[in-house]
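Report on the following structure.
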Amino acid sequence: MRSGPDTRPGGLRLRNPSPAAVLPRGVLVLLGFACLVVVVAGLRWVADLIGPVFLALMLVVTVSPVTEGLRRRGLPVWVAAVATVLMIDVILIALGLALGVSVARLIELMPQYQAQFSALRDDLVSGLGTLGISAAQLRSLLAGADADSVVHLIGSLFGGIAGVLSNALFLLAVLLFMGLDAVGFPARLSAVVGERPQVVAALRSFARGTRRYLVVCTVFGLIVAVGDTLLLWALGVPLPLLWGLLSFITNYIPNIGFVVGVIPPALLGLLQGGPELMLTVIALYCLINFIIQSVIQPKVVGDAVGLSATVSFLALIFWAWVLGGLGALLAIPLTLLAKGLLVDIDPGTRWMNVLLSSSWDEAHEPDTPTA
């Protein structure tokens, strides 16, 4: 039996309140935060599983224009799919081989600096001992500082991407299926644009922003990598190609990639030529990397993807905490995906773009596709 509207004396007719109107806005916000906490906890629990999936998604989105171009030229679907998968596999294999060879060369090189480590440790103990610090405590504290600890430190810097590459079978399988689906995905979006135009616009905005971000970071990363390699080669620091590769990889880490990339070559400079060479490496790295990676690039990236420097930095901290080292590399694409699904997809929440973007002009709504 359906109940009619409430009637009050005087002919005033009142509608029954909707269920959403019963809960205050503050309660809805708290419920939303509670759901967010559950989702984040789940992401952290399966980080080893979804990390490679997100990496595969980013790579497939990056090369998707090539796939669409092959289809427009009339090539069969299977040719475009195979070309997509092969292109991504070549990139990953080349990166994995470069990392493997460079790290193996570093492991061979580090035992040669064992004497320098011992001498530096003794100098540090004697220097701090003059300040009244107990030499026995210092020696106990620095007992683990040797060449092997440097190798472990550098291995941890490469750990995120190397860990994913080591699970190559799962990553290649995900790339294969995503590459096959990517060929027909634009047609699927066009088929549903009439019923869900906001969803299609949000997904296209994510793909467009991800490609812009990767293009900007790749260009700046190549500039920084070439400059760092030539600089370290001129200074005589061992393995300049490895440190140039590290600079290229850490360039995808927003804001603090420069700090991560300067630590290993600075330590090798300390062992190779003493504090003078270490300070020279740090100073020249600051001149090249800090200006490009921490001053110029964040502004260009913000203009390209519509995220402010503060949002980019907080995204880096959050995704690194959730997914580890791979999350730091994928911080901006993952933020763009979350923004597309939570902000751009709903006209009622797009006002948040004004708060997330680096300027008022960049806080534009994604174009609504037409059927």
Side-chain angles (χ1 to χ4, degrees), residues 26 29-30 32-37 39-41 43-44 47 51 54 58 61 157 160 202 205-221 223-224 247-263 285-366:
V29 171
L30 290 177
F33 274 113
C35 295
L36 180 62
V37 170
V39 171
V40 171
L43 290 176
R44 291 200 66 187
F54 284 142
M58 184 189 69
V61 167
L157 294 179
S205 176
F206 155 69
R208 187 166 54 247
T210 299
R211 285 193 289 267
R212 289 175 181 173
Y213 168 74
L214 292 178
V215 168
V216 171
C217 287
T218 301
V219 171
F220 279 100
I223 295 174
V224 169
S247 297
F248 177 77
I249 295 175
T250 56
N251 189 68
Y252 292 95
I253 302 177
N255 303 105
I256 64 171
F258 150 72
V259 178
V260 177
V262 75
I263 295 176
Y285 254 67
C286 289
L287 182 63
I288 298 177
N289 297 46
F290 180 77
I291 294 177
I292 294 178
Q293 290 182 295
S294 300
V295 178
I296 300 176
Q297 184 176 331
K299 174 60 179 174
V300 178
V301 169
D303 294 341
V305 302
L307 296 176
S308 66
T310 302
V311 173
S312 300
F313 179 73
L314 294 178
L316 164 68
I317 302 300
F318 174 77
W319 289 113
W321 175 69
V322 174
L323 299 180
L326 188 59
L329 290 174
L330 302 179
I332 298 300
L334 290 174
T335 303
L336 292 176
L337 178 61
K339 175 175 171 287
L341 296 178
L342 300 177
V343 177
D344 296 337
I345 201 171
D346 186 0
T349 58
R350 289 184 191 164
W351 58 269
M352 297 179 64
N353 283 318
V354 179
L355 305 178
L356 299 175
S357 62
S358 56
S359 67
W360 174 271
D361 295 335
E362 296 162 11
H364 58 277
E365 297 182 356

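Nearest heavy atoms, G221 versus N251: N-ND2, 3.2 Å. When all heavy atoms of S247 and Y285 are compared, the pair lying nearest together is OG-OH, 3.6 Å. For V322 against V40, the heavy-atom pair with the smallest separation is CG2-CG1, 4.0 Å. Nearest heavy-atom pair, G340 versus A202, reported as atom, atom and distance to 0.1 Å: O-CB, 3.2 Å.
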Exercise for review: Assess whether side-chain contact (heavy atoms from CB on, under 4.5 Å) is satisfied between W319 and I332, documenting all intermediate values.
Suggested key: CA-CA 9 Å; W319 289 113; I332 298 300; over 6 Å; no

Practice item. Check the pair L307 / Y213 against side-chain contact (heavy atoms from CB on, under 4.5 Å), numbers first and verdict last. Key: CA-CA 11 Å; L307 296 176; Y213 168 74; over 6 Å; no

Point to revise | Residue pair L330, L323: steps toward the side-chain contact (heavy atoms from CB on, under 4.5 Å) verdict | key: CA-CA 9 Å; L330 302 179; L323 299 180; 5.6 Å; no

Check your understanding: Given F206 and L341, is the side-chain contact (heavy atoms from CB on, under 4.5 Å) satisfied, shown in steps?
Key -> CA-CA 9 Å; F206 155 69; L341 296 178; over 6 Å; no

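Here L329 contributes atom CG and L334 contributes atom CG; the two are 10.5 Å apart, rounded to the nearest 0.5 Å. With values rounded to the nearest 0.5 angstrom, R208 atom CZ is found 11.0 Å from L336 atom CG. Atom CG of L314 is separated from atom OG of S308 by 8.0 Å, given to the nearest 0.5 angstrom. The CG atom of L342 sits 8.5 Å away from the CG atom of L337 when rounded to the nearest 0.5 Å.
In this structure, W321 and F318 have tilted ring planes: the angle between them lies in the 30° to 60° band.
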